[in-house]
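Taking it in order: structure first as structure tokens, then the write-up.
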Amino acid sequence: MAITRPRGTNDFLPEDTSRWQAVEAMLRQICREFAFDEIRTPIFEETDLFIRGVGNTTDIVQKEMYTFTDRGYRSLTLRPENTASVCRAYLEDKLYGRIQPVKLYYMGPMFRYERPQAGRFRQFHQFGVEVIGTDSPYADAEIISLAWEFYNRLGIRDLKLYLNSVGCPDCRPRYREALQDYFRPYLDQLCDSCKDRFDRNPLRILDCKSEICQNIGKDAPQIYDYLCDTCADHFEQVKQILDAAGAEYLLNPRMVRGLDYYTKTAFEIVVEDIGAQSAICGGGRYDGLIEELGGEPTPAVGFALGMERIFSALKAQGDDIEIEDDCSVFVISSPENQQTRKAAFSLCYELRRLDIKSELDYEGKSIKAQLKAANRINAAYAVIIGSEELAAGQVIVKCMKDGEQTTIALADVKEYLLGR
RNA sequence: GUGGAUGUGGCGAAGCGGUCAACGCACCGGAUUGUGGCUCCGGCACCCGAGGGUUCGAUCCCCUUCAUCCACCCCA
């Protein structure tokens, strides 16, 4: 095979796309119930949007972006995530002038240049929601419950919801310093990646898989002791609202968000048994992003969930989405009689207009072969238009399940089949 | 970017230095007259990811390369 698809991309075949469509329909339905409207933004944007929006220090910006120069010498980037674009649209399209908050959802492909692995692709698909224009903890709780409801409806089990607060530009730096002060004496004992993390993102040391680092980090200061009053209060309210709603969450003070723009609430939904990339949904509050992009200070919350990981989880848990793979009617004609073939074509067309899924043979195969084809695609009925039948204005309707067949008038087939 | 595993027909899968590269599934055709699903018969890899090398001889050994999978990193 000469040309293959680019590394880390997938072809979704009919047996896949029907499942995707079912999940997408479920997501749209839930969004309707929660009063979110869809937004579609470009798949590529000016590179600077992501540098400013996602954060120059993040892995995404530093090594994972698909950036190219177009013929007008503009630097463009395939979107690695969609929140920055939605915020850009909020400003550019003046959504701040509408009723606040603005509640939007999106779904579509995202692109990150990473080594592929279980649950990780270079082109992957996210569904996400954003609530822009309110700092209410109810908004945080709302989107969390939306995500949770979705997974429950889908039937994914053993989910864990991790909740944390990562503070804000007022209080996070203080915590960061406290952590660095704490780890500094142990710096040369930490694992290699944690030595890097020390400067880049000391919060991540707490989450290291190495036992040594875990042990060293045991008595490290907790974020909760450093949150400012505003953040602490907000966090407290989110927890109380979730408690009141009966949501089960786990506080995870070590959970860090990868993207620079997060403030206050951070959450993650995780399923075991889909491999190392077990985060199936991640989100939080990003009160500083709109301002960073040149707008008025505007609070917002959102999350993104990975579509591919949904299917991994379903598969790992032995579940599948019910899909219809049968055809209702196969119309058969006599291969040697063009009149019957045309009559079959016409009947097929009419059945389709009645919303009856119908097929017929194009190749002039023998009746035996056509019946075989009907059987193979799981047709419920075969309608046989033979020369003799056509001459008499009749057709044979054969039930493929039990083999019973009856001869009826051609004019009556549609009604007959509609009644089945 | 780093590490490990793998790469034989549409799919699954034997063979691992020397007979025509097993087998199963799928697919195609046939088993008398216009009728499927079962059974039976027949067909289906000048080639073993690609390129080089070693050898009298390589799918099986070596090198390079590409791809896939898994893990690190990070994240959805």
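Keep in mind that the numbers below use all heavy atoms, side chains included, and drop hydrogens, waters and symmetry copies. Letters A, B, ... are given to chains in the order of the sequence lines, protein chains preceding strands, and every chain is numbered from 1.
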Nearest-Å distance once atom C1' is located in both B/A13 and B/C25: 11 Å
Are [X] and [Y] close enough that a side-chain donor and a side-chain acceptor fall under 3.5 Å?
X        : Y        : result
A/Thr41  : A/Asn82  : yes
A/Asn164 : A/Tyr224 : yes
A/Lys372 : A/Asn375 : no

Interatomic distance where CD1 belongs to A/Ile60 and C1' belongs to B/A76 [whole Å]: 10 Å
Candidates B/A76, B/C70, B/C73 - which lies nearest the side chain of A/Ala118: B/C70
Sugar-phosphate or base contact per nucleotide [nucleotides 28-39 of chain B; S, B, -; heavy atom under 4.0 Å]: S-----BBBB--
Does OP1 or OP2 of [N] have a side-chain N or O of [X] closer than 4.0 Å?
X        : N     : answer
A/Gln277 : B/C74 : no
A/Arg115 : B/U68 : no
A/Arg120 : B/A76 : no

Carboxylate-amine/guanidinium contact A/Glu114 A/Arg122, below 4.0 Å: no
Salt-bridge criterion met for A/Lys315 and A/Asp320 (N-O under 4.0 Å): no
B/U6 - base-pair partner by Watson-Crick or wobble geometry, distances under 3.5 Å: B/A67
